[in-house]
Amino acid sequence: MLTTENKTQLITLLQIELLTWFEGSKRDLPFRRTKNPYAIWISEIMAQQTQIDTLIPYYTHFIELFPDVAALALATEDQVIKAWEGLGYYSRARNLHKAAKIIMSDYDGCMPDTFSGLIKLPGIGPYTGGAIASIAFNEKVSAVDGNVLRVICRYCNSFMDIGEAKTKKIVTQWVEAILPEAAGNFNEGLMELGAVICTPQSPKCLVCPVRLGCQSFACGTTGELPVKKKKQKQVRKEMEVGILKHQGELFFVRRPSSGLLAGMWSFPIVETTTDTGVDIKRKLEEYFPELSDPVFIGESRHVFSHIIWEMKLYQFELPSGVFESPESYTFGKDKETLPIRTQFKSLDAIDDLALPVAFSKLLILL
DNA sequence: AACTCGTGGGG
DNA sequence: TCCCCAAGAGT
């Protein structure tokens, strides 16, 4: 059992060594070269469930396209989603756009500068609110992400399940209680340590700046931590994709405004119930009665966070003549409110369509 | 509390 | 090939 005095020493060691290490060893990242709250905001939204190396090119491009809140608010949702194309979790982009418009209309164009103000905006939760408030506005609040949960549980040799809300609450309070004045650097330091040293697998304890205070290092339990129950496997779904060609153009449809890949562009796609392209042909015939028979042209698998699509592609041709692109298109038992648009586009003109990777990677098969 | 919501990298 | 998982939020 640790004495109170020892606990105090471990906390002081963590504060001092972490801040020192972070100042001297932090990676040179584009969003660390600014204190602009807007830029910090964008980077923190992109960082949600996304590794830093992945987001950097998106961040740079996004800031060029939309350099401030006003520019973002003035953009169309399609433009914002397009800038997010390939990054995933697209509701982040829609919420970002919504929030920018709210800031213009309700906050006189000025971002809230407190944690409590920030988390009222769509897309900004406890972590992101804490990160922006502490990094951009120097507020003494914690920012507990997966890195911080792992680092703190290891440092304290805690076997609490980091997937449980209770654990996050306790860790948040613990960090909150030991936050130094440089709260932003401390929060960022904890995350940097988790990303670079205290990694989930093969942590580099021998070069860790806080190993002398780390209780799991002392107990030899670092490899067992953090405790986290494994998530269940993705559901496999057999899908049929319809590639409808007409005079050199392909038929694209916009996905519903909620759910998977919401608002993104797509090929017609249905879940298989029989075989050999029957389902997708039936679907397309709702809009194009005169349709050729399906020709199988390949297959592809796409893994989402919770679903796996096993896709079979079938190509169709329309008879010559003029076809109006249908005004609406439904994805099945949908109650989506907004009208779904459709479009015929040639492959060299789809640059303005936000196409998720699940579909863009099919293009090489065509 | 349990689900939904993408994608890419690494072991 | 399969598993894990990543600077989470919304419902």
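Letters go in sequence order (proteins before strands), and every chain restarts at 1. The shown structure was predicted, so the numbers you read here are calculated from the model rather than taken from an experiment.
Separating the CZ atom of A:Phe304 from the P atom of B:dT4 is a distance of 14 Å, rounded to the nearest angstrom. In this structure, CD1 of A:Ile45 is placed 19 Å from P of B:dC5, rounded to the nearest angstrom. Summarising the geometry, the separation between NE2 on A:His302 and C1' on B:dG6 is reported as 6 Å, rounded to the nearest angstrom. Between the CD atom of A:Gln232 and the C1' atom of C:dC2 there is a distance of 17 Å, given to the nearest Å.
Across all strands shown, A:Leu261 has heavy atoms under 4.0 Å from sugar-phosphate atoms exclusively, and none from any base. Within the 4.0 angstrom heavy-atom criterion, no nucleotide atom of any strand lies near A:Ala143. Contact annotation for A:Val303: base contact, defined as any heavy-atom pair under 4.0 Å involving a base atom.
Taking the six-membered ring for Trp and thresholds of 30 and 60 degrees, A:Phe344 and A:Phe251 have ring planes inclined between 30 and 60 degrees apart. Aromatic ring pairs are classed by plane angle as parallel below 30°, tilted from 30° to 60° and perpendicular above 60°; the pair A:Phe62 and A:Trp84 is perpendicular.
Residues passing the ring pair (Phe, Tyr, Trp, His ring centres under 6.0 Å) test with A:Trp309, sequence neighbours excluded: A:Phe304, A:Phe359. Not counting sequence neighbours, the partners of A:Phe252 by the ring pair (Phe, Tyr, Trp, His ring centres under 6.0 Å) test are A:Phe267.
Of the residues near DNA chain B, A:His306 and A:Ser202, the one whose nearest nucleotide (by heavy atom distance) lies more toward the 5' end is A:His306.
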Open item on the list: Return a single string for nucleotides 3-11 of chain C, one symbol per nucleotide in 5' to 3' order, where B is base contact, S is sugar-phosphate-only contact and - is none, cutoff 4.0 angstrom on heavy atoms.
Closed with: SSBBBBSS-

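A salt bridge links A:Lys82 with A:Glu85: the distance from a Lys NZ or Arg NE/NH1/NH2 to an Asp or Glu carboxylate oxygen falls below 4.0 Å. The existence of a salt bridge linking A:Lys166 and A:Asp161 is excluded, since no basic side-chain nitrogen approaches an acidic carboxylate oxygen closer than 4.0 Å.
For C:dA7 and B:dT4, the P atoms lie 23 Å apart once the distance is rounded to whole Å. To the nearest whole angstrom, the two P atoms, one in C:dA9 and one in B:dG8, are 22 Å apart.
Distances from the side chain of A:Val357 to the nucleotides B:dG8, B:dA1, B:dC5 place B:dG8 closest.
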Open item on the list: Could you go through A:Asp106 and A:Lys120, starting from their C-alpha distance and side-chain angles, then the distance that decides it, and tell me whether this counts as salt bridge (Lys or Arg N to Asp or Glu O under 4.0 Å)?
Closed with: CA-CA 12 Å; A:Asp106 298 0; A:Lys120 291 185 175 123; over 6 Å; no

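One finds a side-chain N or O of A:Tyr90 lying less than 4.0 angstrom from the OP1 or OP2 phosphate oxygen of B:dT7.
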